[in-house]
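Structure first, then comments.
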Amino acid sequence: MEGPLTDRPLHIAIICHPTIGGSGVVAAELGIALAERGHEVHIVSYLRPVRVTEAKPRVHFHEVPVTRYPLFQYPPYTLALATKLAVLCREHPIDILHAHYAIPHAVSAYLCRQMLGEGAPKIVTTLHGTDITLLGLDESFYEITRFSLQQSDGVTAVSGYLARETQERFCTDCPAEIIYNFIDLDRFSPARRDPALRAKYVCPDEFLVGHLSNFRWVKRPQDVIKIFHRVTQHIPSRLLLVGDGPDRETAERVAEELGVHDRIYFVGSDQNIEELLPLLDLFLLPSEQESFGLAALEAMACGVPVIASEVGGLPELVTEGSGFLFPVRDVEAMSRKAIEILSDRAAHARLKQGARERAMAFERTKTVDQYEAYYRRVLG
Ligand code: GMT
């Protein structure tokens with residue numbers, strides 16, 4: 001050990017899915033912020049996460065190689081990850097294995113700890129949403145997910161809703177600490193609104209409505225199109241859709257059927273979202289489930305009001321004055337509110353201001369402080 005745990009820099013292995021959105025973004029941004037504070041951060045995944053593309057001091061990326069073999073229909077990634085973690089811990093004095101998204105990361109971390117025996121790092125598991133509310137409830141994963149939470153030395157959840165769900169559905173004996181998602185208010189800011197870039201998408205008298213997601217069924221992208229269809233009948237507007245995923249085709253089909261395809265930009269995932277989000281006038285997130293709604297927070301930080309579903313952790317984020325929540329699938333009510341907001345310049349301006357102010361409650365420094373304090377608590 002290098003010194004007292006209370007003040008020395010820590011060695012933290014962050015295990016995450018590298019994909020756009022959600023847990024991978026939070027994990028990568030947390031790793032970068034911790035490294036800026038002097039900690040040694042090792043990011044472990046099967047691909048370099050999108051937000052860890054540039055070389056940064058004290059941020060090390062470790063790719064998990066998975067050997068393909070004809071016997072395996074599904075290569076056992078969980079085992080390859082556990083092996084990679086064990087090797088990493090033998091080569092570096094890792095204090096904490098921080099698993100983002102329980103499946104399968106918390107299980108691999110547990111296996112690694114068993115392999116190392118005495119002196120193994122502590123395990124912190126951060127729950128992000130569908131690892132508890134959807135995938136973790138599937139009978140093929142339920143038991144192992146519960147076990148991995150019980151075996152973690154600390155469990156955190158990204159909203160009060162998710163902490164409650166975890167306790168009610170998984171284990172009463174492994175209470176999750178609430179550490180909300182966070183935002184870099186300089187990177188996501190209304191000050192980055194570039195009129196020349198906006199002019200690429202809308203004429204001066206048009207509004208730009210937007211949505212960002214991984215286009216999975218839980219996001220209900222077809223509802224985004226339906227809401228926009230109603231809005232555009234009353235308000236000159238266009239829709240900017242950022243991201244990609246299995247339900248993008250459904251969204252395109254609905255757009256064709258409703259005759260609004262030519263008013264929609266499907267720009268895909270390979271985008272600089274901190275440049276695009278400030279261009280918007282309104283953000284839509286009509287999800288079926290949302291444990292927190294990081295995409296909504298990113299939009300709000302850019303001064304964009306939100307219309308979303310009243311589900312999961314969204315009521316903890318989108319409070320009065322920053323946006324509006326409606327029951328899932330209530331496309332009619334969401335559309336009416338969108339039209340109302342965009343028809344009233346003064347109200348719209350107040351909401352834009354309110355969205356930015358609300359986002360300030362999720363400022364990055366405070367959350368990184370919470371994670372640091374939590375690590376030190378777990379380390380005892
Ligand atoms: O299912 C997703 O939308 C992706 C998922 C993830 O873990 O990558 O997102 C979840 O984690 C985000 C970051 O903590 C939350 O902001 C999202 O609300 C959450 N998604 C759901 O609960 C559906």
Side-chain angles (χ1 to χ4, degrees), residues 14-31 33 43 45-47 49-51 98-106 124-138 141 145 155-166 169-170 176-184 188 211-221 223-224 242-248 269 273 277 283-301 306 308-318 323 325 328 359 362 364 367-368 370-371:
I14 290 192
I15 312 153
C16 65
H17 294 292
T19 40
I20 223 176
S23 56
V25 168
V26 174
E29 297 289 354
L30 175 63
I43 295 184
S45 191
Y46 57 87
L47 257 186
V50 271
R51 303 259 173 118
H98 190 168
H100 282 264
Y101 204 89
I103 305 169
H105 303 146
V124 171
T125 299
T126 289
L127 305 170
H128 282 271
T130 49
D131 44 356
I132 289 298
T133 59
L134 204 64
L135 196 56
L137 293 179
D138 188 282
F141 294 117
T145 304
V155 177
T156 78
V158 297
S159 64
Y161 154 80
L162 192 58
R164 285 192 300 280
E165 285 289 296
T166 308
R169 292 174 182 248
F170 278 85
E177 176 101 352
I178 304 163
I179 304 186
Y180 285 107
N181 285 334
F182 58 95
I183 193 83
D184 180 338
F188 289 88
H211 168 78
L212 157 71
S213 78
N214 47 23
F215 285 76
R216 285 190 283 148
W217 69 266
V218 275
K219 304 291 177 179
R220 300 196 61 78
D223 283 0
V224 174
V242 188
D244 211 343
D247 273 25
R248 173 172 161 169
S269 302
I273 58 166
L277 291 176
F283 186 79
L284 303 176
L285 196 63
S287 309
E288 184 89 30
Q289 285 189 16
E290 209 63 72
S291 71
F292 178 83
L294 183 63
L297 174 59
E298 289 169 337
M300 288 160 71
V306 170
S309 303
E310 192 165 16
V311 282
L314 279 168
E316 295 167 63
L317 170 65
V318 184
L325 301 177
V328 181
F362 299 89
R364 177 170 103 135
T367 309
V368 180
Q370 284 177 299
Y371 273 115

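Order of appearance sets the numbers: ligands from 1, and atoms from 1 within every ligand.
Using modelled atom types, one finds no donor on one side chain facing an acceptor on the other under 3.5 Å when comparing T133 with E165. Neither side chain, S291 nor S159, offers a donor N or O lying under 3.5 Å from an acceptor on the other. Checking H17 against S45 by side-chain atom types alone, no donor-acceptor pair falls below 3.5 Å. Counted by atom type alone, E316 and Y180 present one or more donor-acceptor pairs between their side chains at under 3.5 Å.
For the atom pair H128 NE2 and H100 NE2, the distance stands at 5.0 Å (nearest 0.5 Å). Rounding to the nearest 0.5 angstrom, the gap separating the CD1 atom in I179 from the OG1 atom in T156 is 5.0 Å.
Remark: ligand 1 and F292 share an N or O pair separated by less than 3.5 Å (distance only, no angle test). Checked against a 3.5 angstrom limit, the closest N/O atoms of E290 and ligand 1 fall inside it. By the 3.5 Å distance cut-off applied to N or O atoms, G293 is counted among the residues near ligand 1.
Contacts between N181 and ligand 1, counted as non-hydrogen atom pairs separated by less than 4.0 Å, involve the side chain only. Of the heavy atoms in H17, none comes closer than 4.0 Å to ligand 1. Contacts with ligand 1 closer than 4.0 Å are made by no heavy atom of T133, backbone or side chain.
The ligand atoms of ligand 1 that sit less than 4.0 angstrom from a heavy atom of V158 are 14 (O). Atoms of ligand 1 found under 4.0 Å from any heavy atom of Y101 (numbered from 1 in listed order, with element): 7 (O). Close contacts between ligand 1 and N214 involve ligand atoms 2 (C), 3 (O), 4 (C) [criterion: under 4.0 Å to a heavy atom]. Residue contact check: T130 has heavy atoms under 4.0 Å from atoms 1 (O), 23 (C) of ligand 1. Residue K219 has at least one heavy-atom neighbour below 4.0 Å for each of these atoms of ligand 1: 3 (O).
With hydrogens and angles ignored, the 3.5 Å screen pairs a side-chain donor or acceptor of D131 with a backbone N or O of A102.
Contact annotation: G312 has no heavy atom less than 4.0 Å from any atom of ligand 1.
The residue among E288, H100, H128, R216 with a heavy atom at the shortest distance from atom 4 (C) of ligand 1 is R216. The closest heavy-atom contact to atom 16 (O) of ligand 1, among the options L162, V311, L294, comes from L294. The residue from S291, A157, G129 that puts a heavy atom closest to atom 15 (C) of ligand 1 is S291.
Across every non-hydrogen atom of A359 and I183, the tightest pair is O-CG2, 3.8 Å.
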message = Under the criterion side chain to side chain contact (heavy atoms under 4.5 Å, CB included), I'd like the reasoning laid out for F362 against N181: C-alpha separation, chi angles, the key distance, then a yes or no.
response = CA-CA 7 Å; F362 299 89; N181 285 334; over 6 Å; no
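Using a 4.0 Å cut-off between charged side-chain N and carboxylate O, E290 and K219 make a salt bridge.
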